[in-house]
Amino acid sequence: MDLQGELIEHPHSVYERLRDSAPVCRITGTDGTPAWLVTRYDDVRAALADPRLSLDKSHAAEGGYRGLSLPPALDANLLNMDPPDHTRIRRLVSRAFTPRRTEQLRTPIRATADRLLDALGPAGTADLVAAYAAPLPIVVICDLLGVPEDRRLDFRTWTDALIAPDPSRPRAAKEAVMAMLGFFTELMAHKRSRPGDDLLSDLIAVRDGGGSDGDGAASGSDRLSEDELMSLAFLILFAGYENTVQLIGNAIHTLLEHPEELARLRKDPSALPAAVEELARYEGPAPLAIRRFPTEDITIAGVTVPAGETVLLSLSSANRDPARFPRPDLLDLDRDTSGHLALGHGIHYCLGAPLARAETEIALAALLERYPVLEPASPAPRWRPSLRARGLTELPVRYDTARSPH
């Protein structure tokens, strides 16, 4: 079943049809190879926590969908690992993304948001993806890692080439990968010669045996290999930007489509944390969880999936399943969103989820406080042609610091 075009243009109606008629179905992956798509909430949630569904590509059968093709120096990351390696590496980096650490970042995040809005000026029209939703997470994650300012726009260009490849430029994705590999090689060398007060310098210290993961000296078994270090830096930067730019952009777009809810949040900013959860459920940043490979034949919703074949778990569909969320196509800021899967579930739950939530909440708060007038402008926003990310290529808006006389 070839659903790529429909899933990009009309994902929620397609998922509704599949949940009713084919909750586990064989589809064509983004690279033209076959995969199994799972769409019901209970099945997706159970599969996300099932240890028989491996992220390690060594379990993949020949000819199936494997996801992004990366060189070894970028491929040894958490999205390709199972325990115990996954557990070891996640433990080393998890302290950088705790709720406590995120609270400490709130002030600099708000300062960045305000600075970006200052650049927009008091009134006008702008693309809020390019001017706000994209640069905010780039600044935050690059500051965390210690990436020089003059290389940050390069990274956005490379990421876009991987997430939504341009059919007219078949080599663009490969060129982006090689550019990122060169970038991270240079960055590692720079950090080794001039370590700073940043996460990447800390991880290099752990890798080289001259530091710890923040809980005493790192043992040999805890240390990263050179490929793991490079891959971890790549993943933190890639996912820290990609997920959050979609989360912020989608949240703004959704609120513009629901002006009553937008007005409600203006009046009561204390409702923003809960609103971010509903906005993530309603239009999350990742349509699909990272592909998985059964280590043995498994049965999902009565369908047997052979060992080694590719399984795609639809987070978007699960979050719109009426069996879990009544009236799921309604944006309801009072909804009980507990258990939504926008940021995953199980041991592979998004490591940066606390930071992504905080950035989205702060981005919305700053935007709504600054502009009493905020409304869609022409042209109509367009969704990126990608099944890897659910986000907008642009979000044109009209904004004004002065209240409308109407």
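Checked by atom type and distance alone, the side chain of Arg192 never pairs as donor or acceptor with a backbone atom of Ala205 at under 3.5 Å. Side-chain atoms of Arg40 do not come within 3.5 Å of backbone N or O of Val38 as any donor-acceptor pair. Side-chain atoms of Arg19 come within 3.5 Å of backbone atoms of Arg320 as a donor-acceptor pair (strictly under, hydrogens ignored). For Asn80 (side chain) and Asp56 (main-chain N/O), no donor-acceptor pair under 3.5 Å exists by modelled atom type. The main-chain N or O of Leu368 is found under 3.5 Å from a side-chain atom of Arg266 such that the two form a donor-acceptor pair. Between the Glu278 side chain and the Asp332 main chain, a donor and an acceptor come within less than 3.5 Å of each other. Between the side chain of Thr337 and the main chain of His340, no donor-acceptor pair closer than 3.5 Å is present. Arg45 places no side-chain N or O within donor-acceptor distance of the main-chain N or O of Leu341, the cut-off being under 3.5 Å. When atom types are taken as modelled, the side chain of Tyr15 and the backbone of Ser314 share no donor-acceptor pair closer than 3.5 angstrom. In this structure a side-chain-to-backbone donor-acceptor pair under 3.5 Å is present from Asp198 to Ser201.
Taking CZ of Arg110 as the reference point, atom OG1 of Thr107 lies at 10.0 Å (rounded to 0.5 Å). The CE atom of Met180 sits 7.0 Å away from atom CG of Leu70, with the distance rounded to the nearest 0.5 Å. Rounded to the nearest 0.5 Å, atoms CG (Leu288) and CG (Leu315) are 7.0 Å apart. Within the model, atoms CD1 of Ile109 and CG of Leu355 stand 5.0 Å from one another, a figure rounded to the nearest 0.5 Å. Ser54 contributes atom OG, which lies 8.5 Å from atom CZ of Arg291 (distance to the nearest 0.5 angstrom). The NE2 atom of His59 sits 11.0 Å away from the CG atom of Leu53 when rounded to the nearest 0.5 Å.
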Note to self: Run Asp85 and Arg88 through salt bridge (Lys or Arg N to Asp or Glu O under 4.0 Å) and show every step you take.
What the structure shows: CA-CA 5 Å; Asp85 286 337; Arg88 169 177 57 87; 3.2 Å; yes
Notebook entry, point to check: Are Ser225 and Asp227 close enough, and set up right, to give a side chain to side chain donor-acceptor pair (under 3.5 Å), and what steps lead you there?
Noted result: CA-CA 5 Å; Ser225 71; Asp227 280 355; 5.8 Å; no
Next item on the list: Take Asn250 and Trp383 through the test side-chain contact (heavy atoms from CB on, under 4.5 Å) and record every step on the way to the result.
Entry: CA-CA 10 Å; Asn250 293 357; Trp383 294 103; 3.5 Å; yes
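In this structure, Thr157 has no side chain to side chain contact (heavy atoms under 4.5 Å, CB included) partners at least two apart in sequence or on a different chain. With sequence neighbours excluded, the residues satisfying side chain to side chain contact (heavy atoms under 4.5 Å, CB included) with Arg100 are Thr98, Gln104. With sequence neighbours excluded, the residues forming a ring-ring contact (aromatic ring centres under 6.0 Å, His included) with Tyr282 are His258, listed by chain and number. Considering only residues two or more places apart in sequence or on other chains, Arg52 meets the salt bridge (charged side-chain N to carboxylate O under 4.0 Å, His left out) condition with Asp50, Glu296. Under the rule for a side chain to side chain contact (heavy atoms under 4.5 Å, CB included), the partners of Pro306 that lie at least two apart in sequence or sit in another chain are Trp36, Asp297, Glu309.
By the 4.5 Å heavy-atom criterion applied to side chains, Leu55 and Arg292 are counted as neighbours. Here the side chains of Met230 and Leu74 are in contact, with some heavy-atom distance below 4.5 Å. For the pair Leu255 and Glu261, the minimum side-chain heavy-atom distance is below 4.5 Å. The closest side-chain heavy-atom distance from Glu16 to Pro328 is not below 4.5 Å. With a 4.5 Å cut-off on side-chain heavy atoms, Glu283 and His12 count as touching. Two residues are said to be in side-chain contact when any heavy atoms from C-beta on lie closer than 4.5 Å; Leu120 and Leu128 meet this criterion. A 4.5 Å side-chain heavy-atom check between Met178 and Leu181 finds at least one atom pair inside the cut-off. You'll find the side chain of Tyr371 reaches within 4.5 Å of the side chain of Thr401, heavy atoms only.
Between Val305 and Pro294, the closest heavy-atom pair is CG1-CG, 4.0 Å. Among all heavy-atom pairs drawn from Lys57 and Asp75, the shortest one is NZ-OD2, 2.9 Å.
A 6.0 Å sphere centred on CG of Asp197 holds no more than 12 heavy atoms belonging to other residues, nucleotides or ligands.
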Run the side-chain donor-acceptor check on residues 129-148: report pairs under 3.5 Å with partners two or more places apart or on a different chain.
| residue | atom | partner | partner atom | Å |
| --- | --- | --- | --- | --- |
| Tyr132 | OH | Ala363 | O | 2.8 |
| Asp143 | OD1 | Arg152 | NH1 | 3.2 |
| Asp143 | OD1 | Arg152 | NH2 | 2.9 |

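Salt bridge annotation for Glu277-Arg357: present, with a cationic side-chain nitrogen under 4.0 angstrom from a carboxylate oxygen.
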